[in-house]
Amino acid sequence: MIVIRVELWSAIDGQKTEIARAMINNVGGTLKVGDYQGETYRGRSVDALNTAMRRQQVTRSGTVTGHRRLDLHVWHLLAKMLTAMGYGK
């Protein structure tokens, strides 16, 4: 599984605050081409996001099939997954 954490880093005091989290799971494919399912979780703090993951409080979900995992960087997979979830529209 791939866990994506979005953190806000303060330029003033260096404090780090997690404000979003997503997970992408490998659900099949071959060595070269993968299929994935992903979800984002409700919350804007570590505690809220941890609770959402435990309770499966998913805000959006999506599927990516046929991703060329050896040819493309993980950022490509993340972009495809966010698009599949309806983000960026």
Are Leu82 and Ile4 joined in one hydrophobic group, where the rule is that I, L, V, M, F, W and Y side chains link up if heavy atoms are under 4.5 Å apart?
yes
Output for pair (Arg69 CZ, Asn26 CG), nearest 0.5 Å, gives 4.5 Å
Can you name the closest pair of heavy atoms from Gly43 and Ala48 and give their distance?
CA-CB, 3.9 Å
Check whether Val58 and Met1 end up in the same hydrophobic cluster, where Ile, Leu, Val, Met, Phe, Trp and Tyr are linked by side-chain heavy atoms less than 4.5 Å apart.
yes
What heavy-atom pair brings Thr59 and Tyr87 nearest, and what distance separates the two atoms?
OG1-OH, 3.9 Å
Check Tyr41 against Leu49 and note the closest heavy-atom contact, atom names and distance.
O-CD2, 3.7 Å
For the CG atom of Leu31 and the CG atom of Leu70, what is their distance to the nearest 0.5 Å?
5.5 Å
Nearest heavy-atom contact between Glu39 and Met85 is N-CE, 3.3 Å
Assigning hydrophobic clusters by single linkage (Ile, Leu, Val, Met, Phe, Trp, Tyr; side-chain heavy-atom cutoff under 4.5 Å), is Val64 placed with Trp75?
yes
Straight-line distance of Thr40 OG1 to Ile24 CD1, nearest 0.5 Å
10.5 Å
Give me the atom names and distance for the closest heavy-atom approach of Met81 to Thr63.
SD-N, 4.1 Å
Give a yes or no on whether Val74 and Leu78 share a hydrophobic cluster (residues Ile, Leu, Val, Met, Phe, Trp, Tyr; joining criterion: side-chain heavy atoms under 4.5 Å apart).
yes
Spacing of CZ belonging to Arg21 relative to CE belonging to Met53, to within rounding of 0.5 Å
5.5 Å
Check for a donor-acceptor pair, side chain of Asn25 on one end and backbone N or O of Tyr36 on the other, with a separation under 3.5 Å.
no
With no hydrogens and no angle check, is any side-chain donor or acceptor of Asp13 less than 3.5 Å from a backbone partner on Gln15?
yes
Between NZ on residue Lys16 and CD on residue Glu7, distance to nearest 0.5 Å
6.5 Å
Using 0.5 Å steps for rounding, measure from the CG atom of Asp47 to the OG atom of Ser45.
5.5 Å
State whether the number of non-hydrogen atoms from other residues, nucleotides or ligands found under 6.0 Å of Arg42 atom CZ is greater than 12.
no
